[in-house]
Amino acid sequence: MKKNLIVGQSGGPTAVINGSLYGVVTEAMRHTEEIDEIYGMINGIEGFLNGHMMDMRSLIETNELSLLRTTPGSYLGSCRYKLPEDLNDPVYPLLFNKFTSHGIGYFFYIGGNDSMDTVSKLSRYAKKINSDIRFIGVPKTIDNDLVHTDHTPGFGSAAKYVASMVREVAIDASVYDNKKSVTIVEIMGRHSGWLTAASALARKYDGDNPRLIYLPETAFDQEAFLKKVQEILETTPNLVVCISEGIHDKNGTFVCELAGDIGTDTFGHKMLTGSGKYLENLVKERIGVKVRSIELNVCQRCSSEYLSATDLNESENAGIVGVQAALKGETGKMITFIRNGDLPYELSYETADVNEICNMEKAVPSDWITEDGCDVTEAFIQYARPLIQGKVVVPEENGLPLFAYRK
């Protein structure tokens, strides 16, 4: 008996999150004997609760489906809605009654850690009531912090963007090489520094910028930082420093907290910003050289110009494999990437229990960070370099990128 499929997106978007959506939809369309309608949740599980859905097959008629693959951002919209911990909460029977009324047999959620928490809770409730709906998580996050997978879709393109921007910033800073200056680049990463570590890919030779890279995996020492800056300015007059937004001292206090109060989001995560600005003022006061701070912000996750072909292909494949896994009877799983080789780079796809993934964070390994805590090792470079390879040609209209837009 044919069942309907529903797919949604949640959390912060990436440049390739729609690649996974494209993979889910196109693969579902190939299985007409098992899958009937293909629905998209508008604004994730929260939107579904409010009855906001769309027919994904309609994108063929508008030609939006072909554009979807290279469109950044979450085409279906997003949410940060947290399902209750208590599976006896009335929201669960409400959701499953809605699934039943729409004939849903396959549920896909494309997202990061918190989204996998949603897949975990829904699959556990399904088991509790003996529902045969299959729940699959398709990973995405520029943070690259999901466990049980070599890396995540979204990281490669964001890493390519970060490395490209830092290289351009370094060239810009070098034009005044007769005057000492410091440029601090703040990069996304609350508890894991994968994306900041990718700034090392910007280097063209030994001793090139960025000379200093600070990740949340190690405690940040202000005095040691100032000493390093003063030392390196003697040989690199236009110093570029890259930091994660979540760098903290040995007591766990975020550097940005030293400058003022910060808020929290709906999941209780601290909303971090201002670490770069704090260090800019610190360098200005203590060293007295020209200094500026730059926050790359959401550009890290929405740039189509720096799409990695490797990242986009893997993102699409994650959606495809997700549908195949569900049709084989798997549920409560997330698609994982298994690296089988670096030279040449080889990857395979598997599934893992989503309950072992949600609410966990994968840190940059300590042996990929230098002993002094202000750089990454060659092992990280070898890990990250394959993920940024390949140029993607994005369709254009009047000289500008052409994207899919949900009306």
Exercise. Residues in ring pair (Phe, Tyr, Trp, His ring centres under 6.0 Å) with Phe108, at least two apart?
Worked result: none

Problem set entry | Set of residues satisfying side chain to side chain donor-acceptor pair (under 3.5 Å) with respect to Ser348, sequence neighbours excluded | Asn340

For this session: Flag the pair Asp117 and Lys82 as a salt bridge only when some basic side-chain nitrogen lies within less than 4.0 angstrom of an acidic carboxylate oxygen.
Result: yes

Problem set entry | Within 6.0 angstrom of Glu378 CD, more than 12 heavy atoms from elsewhere | yes

For this session: Taking Asp89 for its side chain and Val91 for its backbone only, find out whether a donor-acceptor pair lies under 3.5 Å.
Result: yes

For this session: Answer yes or no: are there more than 12 heavy-atom neighbours, outside Arg124 itself, under 6.0 Å from its atom CZ?
Result: yes

Donor-acceptor contacts under 3.5 Å from residues 1-13 side chains, at least two apart:
from, atom 1, to, atom 2, distance (Å)
Lys2, NZ, Thr32, O, 3.3
Lys3, NZ, Asp132, OD2, 3.3
Asn4, OD1, Glu37, N, 2.9
Asn4, ND2, His102, O, 2.7
Gln9, OE1, Tyr75, N, 3.2
Gln9, OE1, Leu76, N, 2.9
Gln9, NE2, Asn18, OD1, 2.9
Ser10, OG, Cys79, O, 3.2
Ser10, OG, Ser115, OG, 3.3

Exercise. Would you find more than 12 non-hydrogen atoms of other residues, nucleotides or ligands less than 6.0 Å from Asp206 atom CG?
Worked result: no

Problem set entry | Pairwise salt bridge (charged side-chain N to carboxylate O under 4.0 Å, His left out) hits with a residue in residues 47-56, at least two apart | none

Exercise. Are the side chain of Asn113 and the backbone of Asn359 linked by a donor-acceptor contact shorter than 3.5 Å?
Worked result: yes

Seminar exercise, completed: side-chain contact (heavy atoms from CB on, under 4.5 Å) filter on Asn130, not counting sequence neighbours, yields none

Exercise. Under the salt bridge (charged side-chain N to carboxylate O under 4.0 Å, His left out) rule, what pairs show up with a residue in residues 296-323, not counting sequence neighbours?
Worked result: Arg69-Glu316, Glu305-Lys391

Exercise. Donor-acceptor pair, Thr14 side chain versus Ile142 backbone, under 3.5 Å?
Worked result: no

For this session: Not counting sequence neighbours, which residues clear ring pair (Phe, Tyr, Trp, His ring centres under 6.0 Å) with Tyr383? List them please.
Result: Trp194, Trp368

Exercise. Should the ring pair Phe99 and Phe107 be called parallel, tilted or perpendicular, given that the plane angle runs from 0 to 90° and is split at 30 and 60?
Worked result: perpendicular

For this session: Sort and list the pairs that fulfil ring pair (Phe, Tyr, Trp, His ring centres under 6.0 Å) and have at least one residue in residues 330-360, not counting sequence neighbours.
Result: His151-Phe337, Phe337-Tyr349

Exercise. Of all residues at least two apart in sequence or in a different chain, which pass the side-chain contact (heavy atoms from CB on, under 4.5 Å) check with Leu233?
Worked result: Lys180, Val182, Val229, Leu239, Ile287, Val289

Pairs under 3.5 angstrom only: tabulate donor-acceptor contacts from the side chains of residues 38-52 to other protein residues two or more places apart or in another chain.
from, atom 1, to, atom 2, distance (Å)
Asn43, ND2, Ser78, O, 3.0
Asn50, ND2, Glu46, O, 3.2

Seminar exercise, completed: Taken in chain and number order and not counting sequence neighbours, the residues that satisfy ring pair (Phe, Tyr, Trp, His ring centres under 6.0 Å) with Phe380 are none

Problem set entry | Side chain His191, main chain Glu361, donor-acceptor under 3.5 Å | no

Exercise. More than 12 heavy atoms of other residues, nucleotides or ligands under 6.0 Å from NZ of Lys128: is that the case?
Worked result: yes

For this session: Could you pull out the closest heavy-atom pair between Leu307 and Lys160, with the gap in Å?
Result: O-NZ, 3.6 Å

Exercise. Counting distance only, does the side-chain N/O of Asn144 pair as donor-acceptor with the main-chain N or O of Phe155 below 3.5 Å?
Worked result: no

Problem set entry | Asp375/Arg203 ion pair, N-O < 4.0 Å | yes

Exercise. Is the side chain of Lys362 donor-acceptor paired with the backbone N or O of Asp150 at a distance under 3.5 Å, no angle test?
Worked result: yes

For this session: Kindly give the heavy-atom pair with the smallest separation between Met165 and Tyr306, and that separation in Å.
Result: CE-OH, 3.3 Å

For this session: Examine distances only and state if a side-chain atom of Glu186 and a backbone atom of Glu295 form a donor-acceptor pair shorter than 3.5 Å.
Result: no

Seminar exercise, completed: Quick note, salt bridge (charged side-chain N to carboxylate O under 4.0 Å, His left out) partners involving residues 94-105, not counting sequence neighbours, are none

For this session: Flag the pair Phe96 / Phe135 as yes when their ring centroid distance falls below 6.0 Å, and as no otherwise.
Result: yes

Problem set entry | Over 12 foreign heavy atoms within 6.0 Å of CD, Glu33 | no

